[in-house]
Amino acid sequence: DNRPEEALQVLNNELLSDDHLRVDVLNDVAVTWMMLGKPAKGAQAFEQALELVPADALYAIGAAQWRIKAGDLDAAREHIDTVRRIDPRHAALPELESRLKAAQTTSKAD
């Protein structure tokens with residue numbers, strides 16, 4: 001409803017702790033932070049989950065996607081490398097590499 005502050009409050013206060021590790025919930029948190037102009041905070045949500053479950057490629061993928069959106073390309077590359085270590089054939093790798101390359105090209109043009 002375009003009320004990101006309230007959404008974050010609900011997501012942070014009213015969900016059970018296990019729900020905070022669900023990828024769909026983390027995506028909602030990240031989108032809400034994006035609405036507030038802070039995509040790096042969205043990446044941090046995925047990074048915290050990745051610290052708890054380091055072998056879950058979905059958390060590394062989410063962290064990479066949001067680091068790219070935040071313009072933190074070095075951190076995005078590290079997360080892509082993490083995905084590759086977890087599952088070298090993960091279907092998300094080509095798309096992540098493509099997004100990273102596009103972001104690098106854009107950042108060089110600026």
Rounded to the nearest 0.5 Å, how far apart are NE2 of H90 and CG of L58?
-> 5.5 Å
Search all heavy atoms of A70 against all heavy atoms of P39 and return the closest pair with its distance.
-> CA-CG, 3.7 Å
So CG of D72 and CG of D74: to nearest 0.5 Å the spacing works out to 6.5 Å
Might you point out which heavy atoms bring A64 and L96 nearest each other, and give the distance in Å?
-> CB-CD2, 4.1 Å
Over all atoms of both residues, closest heavy-atom pair of L73 and A103 | CD2-CB, 3.7 Å
Taking only residues at least two apart or on different chains, which pairs with a member in residues 49-65 satisfy side chain to side chain donor-acceptor pair (under 3.5 Å)?
-> none
Distance-only, no hydrogens or angles: does the S98 side chain make a donor-acceptor pair with backbone N or O of P94 under 3.5 Å?
-> no
Quick one: does W66's side chain get under 4.5 Å of V31's, heavy atoms only?
-> yes
Could you give the distance from CE (M34) to CG (N27), rounded to the nearest 0.5 Å?
-> 12.0 Å
If a pair satisfies side chain to side chain donor-acceptor pair (under 3.5 Å) and one of its residues is in residues 35-49, list it, with sequence neighbours excluded.
-> E47-R67, E47-H79
Residue list, side-chain contact (heavy atoms from CB on, under 4.5 Å) with I86, at least two apart or on another chain = A57, T82
Can you list the residues that meet the side chain to side chain donor-acceptor pair (under 3.5 Å) rule with E95, with sequence neighbours excluded?
-> R99
Closest approach of A49 to L21 (non-hydrogen atoms, all atoms of both residues) = CB-CD2, 3.7 Å
Passes salt bridge (charged side-chain N to carboxylate O under 4.0 Å, His left out), R84 versus D81? Steps please.
-> CA-CA 5 Å; R84 191 172 286 106; D81 290 344; 3.2 Å; yes
Spatial distance of atom CG (L100) from atom CD1 (I80) [nearest 0.5 Å] | 4.5 Å
Taking only residues two or more places apart in sequence or in another chain, which ones pass side chain to side chain donor-acceptor pair (under 3.5 Å) with D87?
-> none
Mind listing the closest non-hydrogen atom pair of A45 and V29 along with its distance?
-> CB-CG1, 4.0 Å
